[in-house]
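Here's the structure we're looking at; comments come further down.
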Amino acid sequence: MRLTRYYMPTLREKPAEAEIFSHQFMLRGGMIRKLASGIYSFLPLGYRVIRKVEGIVREEMNAKGALEVFLPVVQPAELWRETGRWDRFGKELLRFKDRGEREFCLGPTHEEVITDLVRNELRSYRQLPLNLYQIHIKFRDEIRPRFGLMRAREFIMKDAYSFDADEEGLNRSYQDMYDAYSQIFRRCGLRFTAVEAETGAIGGDVSHEFMVWAEAGEDVIVRCPQCGYTANIEKATFRPLLKDDQDQEGPLEKIHTPRMRTVEEVTGFIGVSPSRLVKTLIYQTEVGFVALMIPGDREVNEAKAARLLGVSELRLAAFDDVEEISGAPVGFAGPIGLKGVRLVADRTLEGMKNVVVGANEEDYHYVNANPGRDFSWDMVGDIVKAKPGDLCSLCGVPLEFSRGIEVGHVFKLGTKYSEAMGAFFLDRDGVERPFFMGCYGIGVTRTAAAAIEQHHDERGIIWPISIAPFECYLLPTNWGRSDIKEVAEALYRELLERGVDVLLDDREERAGVKFNDADLIGVPLRVTIGERGIRKGMCELKLRRGKDVREVPIRDAIGEVVSAKEALFKEVEC
RNA sequence: CGGGGCGUGGCGCAGUCUGGUAGCGCACCAGCUUCGGGAGCUGGGAGUCGGCCGUUCGAAUCGGCUCGCCCCGACCA
């Protein structure tokens, strides 16, 4: 491609709204432009990157025997009502009506559509297993889009759905996808990890997220340096320290704690550490209120608590409800004398003695409260988030915490959707059975953004060659000089012939402008043809990621570029 | 949805308090000089000051309403 015939509006200044590197460099590099909040247009350069990511995804999916389909973005409400998700999905589901007042939504995911597609056609175990996938637009009406492509409302996703006859088959399909995903992200040049994850709105039992390590990531990853256990913070377990307080149980005492609502205020006033206070939080679920008791220095993990309780909805109760249940304003709830709600304790509370709890009375707390003697709980389990200092539940080593970007998510759905929507097949014995389904997503646009978060410097992007918009940037320093121009044209033609994705900067710009644009858009290889070398028959070859500039004879340039390209590909292909 | 902020040429901003000629830098166009890390000079094109209603002789500026965007929080893959 010749730059004079290309459309690459680069910006010298940093756009005000860009907070993270990927957002900033994609805007500045003329790759994306915002149309509305969380909605972006892709310009030629940006779309080339997307196409390259898609190409890798496609190859690896096809290699596992998955078949590409193309499903509608607009989906009828009836389908979503069958699975109950029309009501449960929440406001992320953008709903609207057509002229006939029929209800529709923009697809945020496609389980319903795919299940509907196969339920009438896929009737025999002989046709299984089957894996269908597609790559196209999803729309989720995010409450707060941010960080450019990282959390957009409209985004490109690869989603795949597997259908198997039984659990064993599902396990195989799941492992296939897990392997394909590992291969895909490796080929995209990303450092990543797969972690155990929660299933959220999609549902199912087993799930892994593929996380790209990056400071800008919105997810927290917990990892054991010893055994390699890794999990999303939503899922991470840890080993509770066994407590067997040898202290004598002290006398229960109600003390005055005027206007002290927070853990810090109360424990500071009484003079104990926050871990000695038991927070009692009133939550609302679809089957009534519950009270969660956790140590004062920890946070509730709502996903874990919901799972333990077997509820699908769990949210903090409104202030009014808290007052009605505990008989005191928020901040003074406690287990002693609390009536009418189930009491659920975190397992780290077991064995603790002489703790501080709310007294269910404004401005009062109890000290020396003891489980068994002063109160009891209905249920105990793991309902808190792991925090730094906690130990691996497998090997007891302190866990490490870091940040990541979720670029892929695989789920074992089981029969949740097939049963809800009546998608059955006949097995070998002629018995009707629901499909065992899996679903597998990759955020294509997010993957491109994640690559930038991981591969950039202060000047711009440093694309892994496999997803770079171009492989080689041909930079004649002065287009006005005929000798430079002729060499550049010749190299350009030959590189094209040798299958190199080359961008020729034939603009009549100053060299500095060209160097800066080349660095900004992050093309991995750069060949400079300039006055310094041309008389000696030399040009320069440089890797975007390094500092070294290598002088090579112009007659060897093609071979050098091709082998440099191959070397870079070798790093990411396995 | 709660809190905060911002809408002035393609981008980044000043001007708004204290009403009266709409300005700067970058980008864009033309010419000349320059030419290896975002050149200089000269000339030029481009703005319903987010929108509507109001106050006023007169509104980017004051008032009301409204739309959009950004940040923090709640929420979420």
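All chains are named by letter (A, B, ...) in the order of the sequence lines, taking the proteins before the strands, and each is independently numbered beginning at 1.
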> Distance between the C1' atoms of B/C11 and B/G38, in whole angstroms?
Replying inline: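 The answer is 15 Å between these two C1' atoms.
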>> I'd like the P distance from B/G4 over to B/G45, given in whole Å.
In response: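 These two P atoms come out 44 Å apart once rounded.
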>> Can you tell me if A/Phe411 is stacked onto the base of B/A77, using a 5.5 Å centroid cut-off and an angle below 30°?
In response: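 No, A/Phe411 does not stack on the base of B/A77.
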With both distances under 3.5 Å as the test, what is the Watson-Crick or G-U wobble partner of [N]?
N	value
B/A60	none
B/U18	none
B/A39	B/U33
B/C26	B/G10
B/C69	B/G5

So, are [X] and [Y] salt-bridged, with charged N and O less than 4.0 Å apart?
X	Y	value
A/Glu103	A/Arg81	yes
A/Glu509	A/Lys514	no
A/Glu209	A/Lys235	no

> Can you find a side-chain donor-acceptor pair between A/Gln75 and A/His110 that sits under 3.5 Å?
Replying inline: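 Yes, because at least one side-chain N or O of A/Gln75 sits under 3.5 Å from a partner of the opposite role on A/His110.
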>> I need the CG-C1' distance between A/Asp517 and B/C26, as an integer number of Å.
In response: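 Value for this atom pair: 14 Å.
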>> Students often get this wrong, so: under 4.0 angstrom with heavy atoms, is A/Arg153 touching a base, only sugar-phosphate, or nothing?
In response: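 Here A/Arg153 touches no strand at all.
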> Contact class for A/Glu13 (heavy atom, under 4.0 Å): base, sugar-phosphate, or nothing?
Replying inline: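 The answer is base, as A/Glu13 lies within the cut-off (heavy atoms under 4.0 Å) of a base atom.
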> Out of B/C28, B/C35, B/A74, which nucleotide sits closest to the side chain of A/Arg144?
Replying inline: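 Closest nucleotide to the A/Arg144 side chain: B/A74.
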